[in-house]
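Here's the structure, in structure tokens; my notes come after.
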There are 2 protein chains.
Amino acid sequence: MNHDSRLSGVLHVLLHMAEHDGPVTSEMLARAMNTNAAVVRRTLAGLRERGFVRSEKGHGGGWRLGRDLAAITLADVYDSLGRPSLFAIGHRDADPACLVEQAVNVHLDGVLREAEALLLARLRAVTLADLSAEFHARFSARPGARSLESSHGGPSRP
Amino acid sequence: MNHDSRLSGVLHVLLHMAEHDGPVTSEMLARAMNTNAAVVRRTLAGLRERGFVRSEKGHGGGWRLGRDLAAITLADVYDSLGRPSLFAIGHRDADPACLVEQAVNVHLDGVLREAEALLLARLRAVTLADLSAEFHARFSARPGARSLESSHGGPSRP
DNA sequence: GTTCATGTAGCAACAATAGCTACATGATAT
DNA sequence: ATATCATGTAGCTATTGTTGCTACATGAAC
């Protein structure tokens, strides 16, 4: 497992949801992501609890956005996933007796905390509306019909 | 997922090396880190290739620093470890056909690249001499004899 | 030549996401 | 009512990487 791609995956399905009229089933979202419906339900569970998406059972059920695109930041999504670890590196021992290791931790943790603060600030500054604008710009500038066919990313009502 | 602690571990043993007169065996370093001698040799291999440490076999052998503390940055050590992944999160697909996923990647990768640049700049700015100064400050300010006994971090010649 | 220490190779353990199946729950259509 | 559809969840396996360990070859010093 190279890394945690849940944030990336959730953003992907949220934008697909936004492009689709009416609810979208886990099965449809899973096809768009080349993954499994159960994975979609599992990763969207946290967002449902916080009201960013709503789900309905039964005929005509599925997922839809619970808020406007501009009212959901990447940090909101990240938080909804349970704030998974951002970094693949870190210290061995959080509270070592060894003074040498303490000195190492002080500097290394400081560097990581700085990077984390920057990252979270950036996640707070970007909304789903920004990602959607990026997508629509790409859609308008697409090279030809082929990319529309080969991709599942076309808006449902251009 | 702060799983990869090699950078932290290597910095730890390098400072111990600096505090010790003469070569230090993998066994001694392993005891200081609560790990195994083979792990020490494995993780120090990259640093040896780049001349940051030297190793000698046989009687009286072991490891010693190959350069002055001030001439080794945290980035040097990080590079010597093979530049392992810094982040635990990332995108699912590096080059997706889906325009939506492309839009997600553009923003997410941008954020991560910014954080990575900051991180690497900080690693370049900190030297082992800085960590050593931090350690000696902590050693001078230690609360009592207890911390000297319970820790393996005391300088060999105070 | 014996001892000590590095240099590697190789394997099991562990942790986390990811993918999948299976089944219960609930809502809608007929 | 009942069949159907979709979510909600539990539980298993696969994958990928570090970590810890053993075993053994290589080389240096006594």
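Here is the naming used below: chain letters follow the sequence lines, and residue numbers restart at 1 for every chain. All values below come from the heavy atoms of this structure, side chains included, with hydrogens, waters and symmetry mates left out.
- Using modelled atom types, no side-chain atom of A/Glu134 and backbone atom of B/Val104 make a donor-acceptor pair closer than 3.5 Å.
- Under a 3.5 Å cut-off, the side chain of B/Arg92 and the backbone N or O of B/Glu101 do not form any donor-acceptor pair.
- Summarising the geometry, the separation between CE on A/Met28 and P on D/dC5 is reported as 15 Å, rounded to the nearest angstrom.
- The shortest distance between the side-chain N/O atoms of A/Ser26 and the OP1/OP2 oxygens of D/dA6 is not below 4.0 Å.
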Verify side chain to side chain donor-acceptor pair (under 3.5 Å) between B/His136 and B/Glu19, making sure each step is shown before the conclusion. CA-CA 10 Å; B/His136 282 285; B/Glu19 293 298 324; 2.8 Å; yes
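- Judged by distance alone, with hydrogens and angles left aside, the side-chain atoms of B/Ser5 form no donor-acceptor pair with the main-chain N or O of B/Ser8 at under 3.5 Å.
- A/Ser132 places no side-chain N or O within 3.5 Å of a backbone atom of A/Leu128 that could act as its donor or acceptor partner.
- Remark: the B/Arg42 side chain and the C/dG10 base include a donor-acceptor N/O pair separated by less than 3.5 Å.
- Residues in residues 104-115 of chain B take part in these side chain to side chain donor-acceptor pair (under 3.5 Å) pairs, two or more places apart or across chains: A/Arg122-B/Glu114, B/His91-B/Asp109.
- Between the CG atom of B/Asn34 and the C1' atom of D/dT19 there is a distance of 13 Å, rounded to whole Å.
- One interatomic measurement links the two molecules: CE of A/Met33 to P of C/dC20, which rounds to 12 Å at whole-angstrom precision.
- Rounded to whole Å, the distance from CD on A/Glu27 to P on C/dG19 is 14 Å.
- Atom CD in B/Glu49 sits about 12 Å away from atom C1' in C/dG7, given to the nearest Å.
- As judged by a 4.0 angstrom heavy-atom cut-off over every strand, A/Arg54 is placed among residues making no nucleic acid contact.
- Between A/Thr25 and D/dC5, a side-chain N or O to OP1/OP2 separation shorter than 4.0 Å is absent.
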Could you run through nucleotides 22-30 of chain C and give me one letter per nucleotide, 5' to 3': B if any protein heavy atom sits under 4.0 Å from the base, S if only the sugar-phosphate is that close, - if neither? ---BBBB--
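- For C/dA18, the OP1/OP2 oxygens have a side-chain nitrogen or oxygen of A/Ser5 closer than 4.0 Å.
- When the side-chain nitrogen and oxygen atoms of A/Thr35 are compared with OP1 and OP2 of C/dG19, one or more of them lie within a distance under 4.0 Å.
- Of the candidate nucleotides D/dT22, C/dG7, D/dT7, D/dT22 has the atom lying nearest to any side-chain atom of B/Asn36.
- Taking only distance into account, the side chain of B/Arg6 never meets the base of D/dG17 through a donor-acceptor pair shorter than 3.5 Å.
- Checking the phosphate oxygens (OP1, OP2) of C/dG7, a side-chain nitrogen or oxygen of B/Arg48 falls inside 4.0 Å.
- When the P atom of D/dT9 is taken as reference, atom CG of A/Leu44 falls 13 Å away, rounded to whole Å.
- In this structure, A/Asp93 places its CG atom 17 Å from C1' of D/dT18, rounding to the nearest Å.
- In the set C/dT6, D/dG17, D/dG8, D/dG17 carries the atom at the smallest distance from any side-chain atom of B/His3.
- Residue A/Leu29 is grouped with residue A/Leu81 when hydrophobic side chains (ILVMFWY) are merged at heavy-atom distances under 4.5 angstrom, including chains of intermediate members.
- Distance, B/Ile89 CD1 to C/dA18 P: 11 Å, rounded to whole Å.
- In this structure a side-chain-to-backbone donor-acceptor pair under 3.5 Å is missing from A/Asp79 to A/Asp76.
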